[in-house]
Number of protein chains: 2
Amino acid sequence: MGISERKERQRAELRERILKAAREMVVREGFGALSMRKLAEAIEYAPATLYLHFENRDEIARELSVRGFQQLLEYLAPAARVEEPMERLTAAARAYVRFGLEQPETYRLIFMEDPKLTTALFGEGKEDAGAKAFAFLVQPLEELKAAGRLAADADTRQLAEVFWAGVHGIVSLKLTCPGFQGTEADVLASTLVTTFFHGLPGMKEAQRPSG
Amino acid sequence: MGISERKERQRAELRERILKAAREMVVREGFGALSMRKLAEAIEYAPATLYLHFENRDEIARELSVRGFQQLLEYLAPAARVEEPMERLTAAARAYVRFGLEQPETYRLIFMEDPKLTTALFGEGKEDAGAKAFAFLVQPLEELKAAGRLAADADTRQLAEVFWAGVHGIVSLKLTCPGFQGTEADVLASTLVTTFFHGLPGMKEAQRPSG
DNA sequence: GTGTTCAGTGAACGCTGTTCACAAAGTGTC
DNA sequence: GACACTTTGTGAACAGCGTTCACTGAACAC
């Protein structure tokens with residue numbers, strides 16, 4: 001039965017063509033500029049045909065978002081090979097920021113558009129890509145703890161959340177108010193890493209909270 | 001000439017009615033749900049009338065954004081009265097996060113929607129409200145530096161940017177993927193403040209970078 | 001009373017996402 | 001080869017959107 005397989009293949013090919021065209025539109029002009037009609041025109045089909053392959057515009061967005069997240073993981077992958085935990089965390093932060101700046105519209109789509117898109121990536125994804133990315137942050141902290149370089153009662157997950165908020169903040173501020181932040185993003189990332197590890201420069205140990 | 005004054009007043013009143021209705025719609029259903037036609041219906045005028053008072057939808061958004069930012073400044077105001085710089089920074093962070101969570105759609109509009117909106121608030125505003133808010137972060141750091149509690153060569157502006165990125169990251173992640181971050185926002189804010197000041201708990205001074 | 005100004009409007013233009021009855025082509029069965 | 005069925009694709013339509021524009025009607029100045 002090669003026929004049904006061929007049909008399946010053709011179907012998948014068209015689906016890919018749609019997604020490719022959609023991605024190009026999003027990357028070039030942003031998610032807001034992604035219109036079903038323009039998308040249909042780009043692949044030379046009638047608008048209604050799109051609905052044979054996707055439930056609606058949201059499903060296309062979701063798929064683009066999932067793939068964008070995979071791309072983020074690819075950016076992060078080299079950092080995983082860094083041995084020293086603090087350096088690894090630093091490398092991950094740099095990679096994350098680089099992804100955000102090099103793929104701004106993709107980043108917007110994933111992390112700044114619709115909560116439904118972002119939530120879909122965490123907790124319920126088939127392989128839970130979100131958790132996988134989050135582990136990039138938690139694990140180095142766990143290793144630091146195991147090595148006695150981080151307080152034994154430190155909440156690594158919570159610290160990772162704060163760290164993530166930091167890099168996400170850097171990227172999203174750069175994307176949303178590009179003019180304001182005078183400092184370049186990678187410099188900000190470096191400063192974030194340094195303060196996250198060591199606090200403010202020149203801050204005396206005696207100033208630490210008593211508790 | 002009371003006539004033209006009355007006309008002027010009526011004009012201003014209608015403008016306010018429009019903005020009030022617009023704000024309600026945004027607060028209730030988000031900026032995306034703000035439609036000129038529904039807005040016109042809400043104030044019981046024809047859609048075209050809106051264009052006698054605003055150039056277009058964007059101008060309404062800009063005005064709402066400016067007012068939302070004023071509201072943020074009001075949230076921050078009490079923190080300004082805290083004397084101790086570190087405590088003041090902490091209070092500012094808490095107030096900022098509280099604003100973001102209590103006025104999520106307003107926060108989205110100001111900081112996560114259109115770059116044009118956000119940029120308009122910084123650098124060119126008549127009173128540069130953006131710079132005013134940013135001073136909330138820079139000044140405490142300057143005071144710390146003056147008191148010798150922060151390295152003399154520390155770039156306070158850059159540190160403030162990183163700090164801001166941190167709180168913005170906490171808020172915007174909470175708004176965009178509410179389910180994921182397990183930790184409550186105010187706890188994250190506390191942790192952010194602590195690490196920003198003192199680094200990771202249990203991190204030995206000897207681990208500081210050599211440079 | 002006359003001329004002018006101006007807030008307000010209905011209708012239209014060109015978009016948008018989405019649906020649905022319908023056509024056409026390909027496939028399986030007799 | 002003829003028929004039925006499934007899949008693929010479509011044109012037209014619906015309801016909504018932001019925005020524009022010729023036009024009305026009332027209030028004003030003289």
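Since this is a predicted model, take the numbers as computed values, not measurements. Basis for what follows: all heavy atoms, side chains included, without hydrogens, waters or symmetry-related copies.
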*Using 30° and 60° as the class limits, which term best fits the ring planes of A/Tyr96 and A/Phe111: parallel, tilted or perpendicular?*
tilted
*Is B/Arg149 paired with B/Glu84 through a side-chain N to carboxylate O contact shorter than 4.0 Å?*
yes
*Take the protein atom CD of B/Glu29 and the nucleotide atom C1' of D/dC17, then report the distance between them rounded to whole Å.*
15 Å
_Within-4.5 Å side-chain heavy-atom neighbours: B/Gln71 and B/Phe99_ = yes
*Sugar-phosphate means primed atoms, P, OP1 and OP2; the rest is base. With that split, encode nucleotides 10-20 of chain C 5' to 3' as B, S or - using protein heavy atoms under 4.0 Å.*
B-B---BBBBB
*asked:* Please report the distance, rounded to the nearest Å, between CD in A/Glu44 and P in D/dG11.
replied: 13 Å
*Atom-to-atom span, OH of B/Tyr45 to C1' of D/dT19 - whole angstrom*: 20 Å
*Using a cut-off of less than 4.0 Å, is there contact between a side-chain N or O of B/His53 and OP1 or OP2 of C/dG8?*
yes
*asked:* With a 4.5 Å cut-off on side-chain heavy atoms, are B/Phe134 and B/Glu161 touching?
replied: yes
*State whether A/Thr49 places a side-chain N or O below 4.0 Å from either non-bridging phosphate oxygen (OP1 or OP2) of D/dT8.*
no
_Atom-to-atom span, CG of B/Leu39 to C1' of D/dG16 - whole angstrom_ = 16 Å
_As a test of understanding, state which of A/Glu83, A/Gln139, A/Glu143 forms a side chain to side chain donor-acceptor pair (under 3.5 Å) with A/Arg88._
A/Glu143
*How would you list all residue pairs meeting salt bridge (Lys or Arg N to Asp or Glu O under 4.0 Å) that involve residues 23-42 of chain B, not counting sequence neighbours?*
none
*Can you check the B/Leu52 CG to C/dT9 P distance for me, whole Å?*
9 Å
*Between B/Glu13 and B/Arg17, does a salt bridge (Lys or Arg N to Asp or Glu O under 4.0 Å) hold up when you go through it step by step?*
CA-CA 6 Å; B/Glu13 272 171 17; B/Arg17 280 224 298 145; over 6 Å; no
_Donor-acceptor under 3.5 Å (A/Asp186 side chain, A/Ala189 main chain)_ = no
_Contacting residues from residues 7-22 of chain B, given that a heavy atom lies under 4.0 angstrom of DNA chain D_ = none
